[in-house]
Number of protein chains: 2
Amino acid sequence: MVSIKDVARLAGVSDKTVSRVVNKEPNVHADTLQRVEAAIVSLGYVPNMAARLIRSNRSRTFGIITDFISTTPYSGDIVRGIQDWANANGRTVFLANTNGSLERERETWRTFQSHRIDGVLYVTMYHRVIDPESGDVHIPTVLVNCRPGPNRSYVSIEPDDFQGSRDLTKYLLEQGHRRIGYIRLNPRLLGAQLRYEAFREAIRDAGLSEQNLNVRLGMDGQIGEENNYVFAAATEILTQPERPTAIMCGNDEMALQAYIAALSLGLSIPTDVSIVGFDDFRTVSHALKPELTTAALPYYDLGYCSAERLERLLEGEDLDPKHATLPCRLVERGSVGAI
Amino acid sequence: MVSIKDVARLAGVSDKTVSRVVNKEPNVHADTLQRVEAAIVSLGYVPNMAARLIRSNRSRTFGIITDFISTTPYSGDIVRGIQDWANANGRTVFLANTNGSLERERETWRTFQSHRIDGVLYVTMYHRVIDPESGDVHIPTVLVNCRPGPNRSYVSIEPDDFQGSRDLTKYLLEQGHRRIGYIRLNPRLLGAQLRYEAFREAIRDAGLSEQNLNVRLGMDGQIGEENNYVFAAATEILTQPERPTAIMCGNDEMALQAYIAALSLGLSIPTDVSIVGFDDFRTVSHALKPELTTAALPYYDLGYCSAERLERLLEGEDLDPKHATLPCRLVERGSVGAI
DNA sequence: TTGTACGCGTTATCAT
DNA sequence: ATGATAACGCGTACAA
């Protein structure tokens with residue numbers, strides 16, 4: 001592999017001068033600069049980050065730790081957001097997936113430590129409370145899409161499920177809906193609680209009694225292998241005598257099932273019943289006709305902003321508050337009608 | 001940062017002895033070993049990979065280059081597969097996303113070069129022909145989910161869209177279907193051609209005339225911003241006098257739209273019409289009732305096997321054939337009925 | 001079994 | 001404006 005010395009020899013200068021050119025330091029004569037640059041190109045010299053790291057103790061790398069990835073299809077956008085920030089700011093990214101195994105997580109922290117990573121983005125694929133298992137490794141860390149347990153202190157960033165769900169509910173109310181069905185997410189998900197709470201609060205704030213509501217559990221059980229009651233629940237809600245005019249679903253996947261249930265009953269959307277989801281799973285929300293009104297989870301921005309926050313943390317800035325939140329934008333499409 | 005010397009000092013031995021312990025070399029006295037290990041633990045020493053790399057010129061890292069990620073939700077499973085292999089084999093993974101920009105791709109190759117990455121996994125998010133833009137950087141590379149242009153030579157691995165589509169078609173024929181509708185993927189996708197060709201071949205092999213077929217284009221235009229005709233096409237196919245008994249769709253997203261179209265027409269699945277997709281987008285295929293019969297794209301295995309192939313390439317093995325293919329497994333669920 | 005000397009590719013310091 | 005020298009953390013070769 002061609003080194004700085006080879007370049008120096010070819011250009012007839014010392015190593016240090018080449019180093020100056022490579023690092024765009026001042027005090028290099030224009031002629032020298034040209035000769036060195038020519039040598040670099042002709043030799044195809046690429047600086048060795050490892051050697052640089054040994055001296056400077058800064059690797060200019062971030063590490064991403066994820067838990068699962070497969071069940072929630074668009075959460076990968078978080079990683080995309082991180083990478084885009086990293087790319088725009090001269091950082092390279094290590095990626096490690098723990099598959100939810102604590103042992104692998106501990107190994108990962110050590111591996112990252114051995115690569116002298118500058119900081120870690122700890123990303124969960126669904127919104128939840130977490131305690132990173134870093135052993136005695138201490139690297140500046142930002143939690144993404146999750147929050148630390150009660151006694152721990154971390155910089156973190158989450159989607160605002162509460163605001164998203166409140167906006168969605170208010171929107172339904174504005175469209176004149178009063179009898180509303182609600183199909184709940186798996187209660188183990190943090191988002192499930194936040195969304196449901198926001199829904200109830202918005203209903204109360206509108207002066208409606210909860211008696212107008214039809215709340216059903218759509219899923220429960222362990223993440224990744226849950227029991228799914230959505231189709232049955234939606235069918236049941238929609239075959240009642242006083243049918244709700246709208247159904248709000250824990251997420252788009254569930255909205256899809258409610259959608260199928262409604263169509264199977266011969267109902268049309270949104271004429272007979274309006275449906276809203278959450279997350280903006282585009283494969284689903286765009287494929288439905290009419291397309292699905294939903295609240296978009298800001299996955300990409302979560303990633304992008306978290307990298308930004310990590311950088312600020314590394315620069316010694318005191319992030320206050322440590323905890324940030326990103327809004328879930330209401331995406332108005334065709335699946336909701338006015339009453 | 002604590003170095004090998006600090007450990008040596010605390011344990012009262014030389015650097016080299018610590019090095020022996022860390023690398024599990026023989027010829028260390030049991031007592032010495034214990035003292036050194038104790039020192040390592042108490043100091044929290046973690047070897048510096050950069051320093052190691054400088055001597056050995058092997059970084060034990062792979063780099064992953066991806067193009068897009070957002071549109072095809074489950075393609076992230078490729079990356080998961082790579083990571084699982086890497087984790088099980090003591091390798092760490094760099095990740096870089098080009099967003100389809102050639103400039104960024106060239107930068108990425110240089111960055112990887114500067115980190116002295118051992119090998120690159122070049123991953124495309126949809127199945128296609130590609131020419132990596134590596135400039136004058138030369139790192140052992142495996143193409144994943146794509147194949148090289150006609151004049152280039154690369155080790156590669158792809159899903160067998162042809163086999164998957166043929167199996168799916170044969171399955172429909174076995175169930176007695178003779179009048180079959182087909183809604184095509186965007187022709188710009190390699191998978192579109194392979195799947196359609198396999199469909200036609202299977203139909204011909206069964207001695208059926210293409211006159212029994214109703215082929216429609218479901219999508220066209222640039223990837224990521226295509227025009228979508230699926231709902232209209234499906235509706236049109238299903239309102240013909242001689243309605244097909246089955247519709248085969250380019251992928252599950254399109255199958256979902258055909259599904260919605262059928263239900264909207266008051267048809268039931270699979271009694272009135274059978275539907276099959278492709279890809280196994282689980283968010284969709286499991287949410288439909290009845291669930292969707294499809295062919296699963298082996299994303300995870302593509303990733304896992306590609307890492308394995310890269311390792312063999314690095315070990316100097318002569319991969320023959322350079323090109324590998326992984327089957328698309330038929331996933332039989334409820335959306336197809338017998339005639 | 002253990003230690004010493006040196007070199008890897010780079011940057012920092014100081015001198016010229 | 002440029003260069004000489006040392007140092008970073010570790011492994012290799014060799015010596016003890």
Side-chain angles (χ1 to χ4, degrees), chain A residues 1-40 43-61 90 92 110-118, chain B residues 1-40 43-61 90 92 110-118:
Chain A
M1 190 57 51
V2 23
S3 88
I4 208 170
K5 284 185 185 150
D6 303 311
V7 177
R9 199 173 312 124
L10 180 59
V13 298
S14 75
D15 319 3
K16 180 56 198 170
T17 301
V18 178
S19 173
R20 273 190 259 262
V21 171
V22 170
N23 296 311
K24 304 193 201 316
E25 286 172 32
N27 296 332
V28 178
H29 196 82
D31 292 356
T32 321
L33 188 102
Q34 272 211 324
R35 259 185 308 140
V36 171
E37 280 178 340
I40 287 177
L43 258 40
Y45 166 74
V46 178
N48 185 329
M49 292 306 272
R52 186 174 287 180
L53 164 58
I54 280 193
R55 293 290 311 152
S56 64
N57 251 325
R58 325 210 103 242
S59 63
R60 307 271 327 146
T61 58
T92 315
R110 286 183 57 85
T111 305
F112 279 2
Q113 174 89 301
S114 78
H115 283 279
R116 299 301 187 265
I117 277 177
D118 293 332
Chain B
M1 191 55 53
V2 25
S3 89
I4 208 169
K5 283 186 188 151
D6 303 311
V7 177
R9 201 173 311 127
L10 179 59
V13 297
S14 76
D15 321 4
K16 180 56 201 173
T17 301
V18 178
S19 171
R20 273 189 260 264
V21 172
V22 170
N23 296 313
K24 303 194 202 315
E25 285 172 34
N27 296 333
V28 179
H29 196 84
D31 293 354
T32 321
L33 189 102
Q34 272 211 324
R35 260 186 307 141
V36 171
E37 280 179 338
I40 287 177
L43 258 40
Y45 167 73
V46 178
N48 185 329
M49 292 305 274
R52 190 173 283 180
L53 163 58
I54 280 193
R55 300 285 308 138
S56 64
N57 252 326
R58 324 211 104 240
S59 62
R60 308 269 328 142
T61 58
T92 315
R110 287 182 57 85
T111 304
F112 280 1
Q113 174 90 303
S114 79
H115 283 279
R116 300 298 188 264
I117 277 177
D118 293 332

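Each chain gets a letter, A, B and so on, in the order its sequence line appears, and its residues count up from 1. Only heavy atoms go into these numbers, but all of them, side chains included; no hydrogens, no water, no symmetry mates. Quick caveat, the model's predicted, so the values are computed rather than measured.
- Following rounding to the nearest Å, Arg9(B) (CZ) and dG3(C) (C1') show an atom-to-atom distance of 16 Å.
- Backbone-only contact: Thr17(B) has heavy atoms under 4.0 Å from sugar-phosphate atoms and none from a base.
- In the helix from dT1(C)-dA16(D) to dT16(C)-dA1(D), the terminal helix axes, each the rotation mapping four pairs' C1' atoms onto the next four within five end pairs, subtend 40°, rounded to 10°.
- Distances shorter than 4.0 Å separate some side-chain N or O of Ser19(A) from OP1 or OP2 on dT11(C).
- For the pair Ser59(B) (side chain) and Arg116(B) (backbone), a donor-acceptor distance under 3.5 Å is present.
- Rounding to whole angstrom units, CD1 of residue Ile4(A) and P of dC8(C) are separated by 14 Å.
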Produce the list of close N/O pairs, under 3.5 Å, pairing protein atoms with atoms of nucleotides 5-8 of chain D; give distances to one decimal.
from, atom 1, to, atom 2, distance (Å)
dA7(D), N3, Arg55(A), NH1, 2.8
dC8(D), O4', Arg55(A), NH1, 3.2

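- Distance alone, capped at 3.5 Å, is enough to place a donor-acceptor pair between the Asn23(B) side chain and the Ser19(B) backbone.
- For the pairing with Val13(A), the side chain to side chain contact (heavy atoms under 4.5 Å, CB included) check across Asp15(A), Leu10(A), Thr17(A) returns one residue only, Thr17(A).
- Listed candidates were dG3(C), dG11(D), dT1(C). Nearest to the side chain of Arg52(B) is dG11(D).
- Side-chain N/O atoms of Asn23(A) include one lying less than 4.0 angstrom from OP1 or OP2 on dT11(C).
- If you check every strand for non-hydrogen atoms under 4.0 Å, Val13(B) touches sugar and phosphate atoms only.
- Of the candidates dC10(D), dT2(C), dG3(C), the closest approach to any side-chain atom of His29(B) belongs to dT2(C).
- Put simply, Ser56(A) has no side-chain N or O that comes within less than 4.0 Å of OP1 or OP2 on dT10(C).
- Heavy-atom nearest nucleotides on DNA chain C were determined for Arg35(B) and for Val46(A), and the one closer to the 5' end corresponds to Arg35(B).
- Among the atoms of the strands shown, base atoms are found under 4.0 Å from some heavy atom of Asn27(B).
- With His115(A) as the fixed residue, the side chain to side chain contact (heavy atoms under 4.5 Å, CB included) test singles out one of Asn48(B), Leu53(B), Thr61(B): Thr61(B).
- One atom, CZ of Arg58(A), and another, C1' of dA12(C), lie 16 Å apart when rounded to the nearest Å.
- If you take CZ of Arg20(A) and P of dA12(C), they are 11 Å apart, rounded to a whole angstrom.
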